[in-house]
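These notes concern the structure reproduced below.
Nothing fancy with the numbering, it's 1 onward along the sequence. Quick caveat: nothing in here was measured; it's all calculated off a predicted structure.
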Amino acid sequence: MRRPLVTLLALLPLLGAGPMAHAQVDERAMKAAYLYNFIQFAQWPVAPDEPFRLCVLGQTPLDAQLEKLAGKTVLNGLHIAVVHVAPQDALGRCHALYLDDSQRRWLPELLPRLEQAPILTITDGDGLAEKGMMIEIQKRDLKLGFEVNLAMARKVRIDFSPRMLKMATFVSGAR
């Protein structure tokens, strides 16, 4: 069993535990852990370059946690570089793009630019997977889960580990 899967499985029981103030910090840390594991369980049509660029649209409540991912190893020894981008920036050098719910207004502008790019798109915006993002982190009943839009990922030839897909609360476009 791969280490990231073990890490993700070990972290899942911690969701929703603790007082509300502590849960908010845990939720942000957990979302960052999910992002890290999504990267580990994705396969790109062409191997990403060094460093692995995790692009973050604008400023988000997760910034402090995402910065902790900088330098971590992914995908056969690549190191993560966290890069903040603006909606009008070129995204071609991004390997993954995180769009926080607070940035959802930019989705209609971004989706056409991402349609053919092998960029793993991840959000925590409710309903954005059905609008075209590949992975949506969801909070339900004080627990985190995730939905996968497999059709969008396959469109740009990004594939996911079957183990990850089994852990998703919903996978659309599986046929």
Compare all side-chain heavy atoms of F160 with those of I135 and state whether any distance is below 4.5 angstrom. yes

Within the structure provided, determine whether F38 and I137 are in side-chain contact (heavy-atom separation under 4.5 Å).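 F38 reaches I137 side chain to side chain.
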
[atom1]/[X] to [atom2]/[Y] distance, rounded to the nearest 0.5 angstrom?
X    : Y    : atom1 : atom2 : value
E50  : I80  : CD    : CD1   : 10.5 Å
L144 : K139 : CG    : NZ    : 7.5 Å
R104 : T123 : CZ    : OG1   : 7.0 Å
L54  : L35  : CG    : CG    : 6.0 Å
E130 : M152 : CD    : CE    : 13.0 Å
Q43  : D159 : CD    : CG    : 5.5 Å

ring-ring contact (aromatic ring centres under 6.0 Å, His included): pairs with one or both residues in residues 51-105, sequence neighbours excluded: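 Pairs touching residues 51-105 that pass the test: W44-F52, F52-H95.
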
With clusters built from Ile, Leu, Val, Met, Phe, Trp and Tyr whose side-chain heavy atoms come within less than 4.5 Å, directly or transitively, what are the remaining members of the cluster of L111, listed by chain and number? L57, V83, V85, L91, L97, L99, W106, L107, L110, L114, I119, L128, M133

Hydrophobic cluster mates of V46, side-chain heavy atoms under 4.5 angstrom, ILVMFWY only, any path? none

If I compare all heavy atoms of [X] with all of [Y], which pair ends up nearest, and what's the gap?
X    : Y    : answer
L78  : P48  : CD1-O, 3.4 Å
G77  : T73  : CA-CG2, 3.4 Å
L120 : I158 : N-CD1, 3.5 Å

Mind checking what makes salt bridge (Lys or Arg N to Asp or Glu O under 4.0 Å) contact with R140, not counting sequence neighbours? D126

Donor-acceptor pair, side chain of D100 and main chain of S102, under 3.5 angstrom: yes

Test your reading of the model: is there a side-chain donor-acceptor pair from D101 to the backbone of D124, 3.5 Å cut-off? no

Show me the pairs that pass side-chain hydrogen bond (donor to acceptor under 3.5 Å, both in side chains) and involve residues 52-64, at least two apart or across chains.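 Passing the test, one end in residues 52-64: T60-D63.
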
Same cluster or not: are F41 and F170 linked, directly or through other Ile, Leu, Val, Met, Phe, Trp or Tyr residues, by side-chain heavy atoms under 4.5 angstrom apart?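 Unlinked, F41 and F170 end up in two clusters.
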
Can you sort out the partners of Q138 under side chain to side chain donor-acceptor pair (under 3.5 Å), two or more places apart, ordered by chain and number?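 Testing Q138 for side chain to side chain donor-acceptor pair (under 3.5 Å), a comparison that skips the adjacent residues, returns E136, E147, T169.
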
For R113, does the CZ atom have more than 12 heavy-atom neighbours from other residues, nucleotides or ligands under 6.0 Å away?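 Yes - once you tally the heavy atoms of other residues, nucleotides and ligands closer than 6.0 Å, there are more than 12.
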
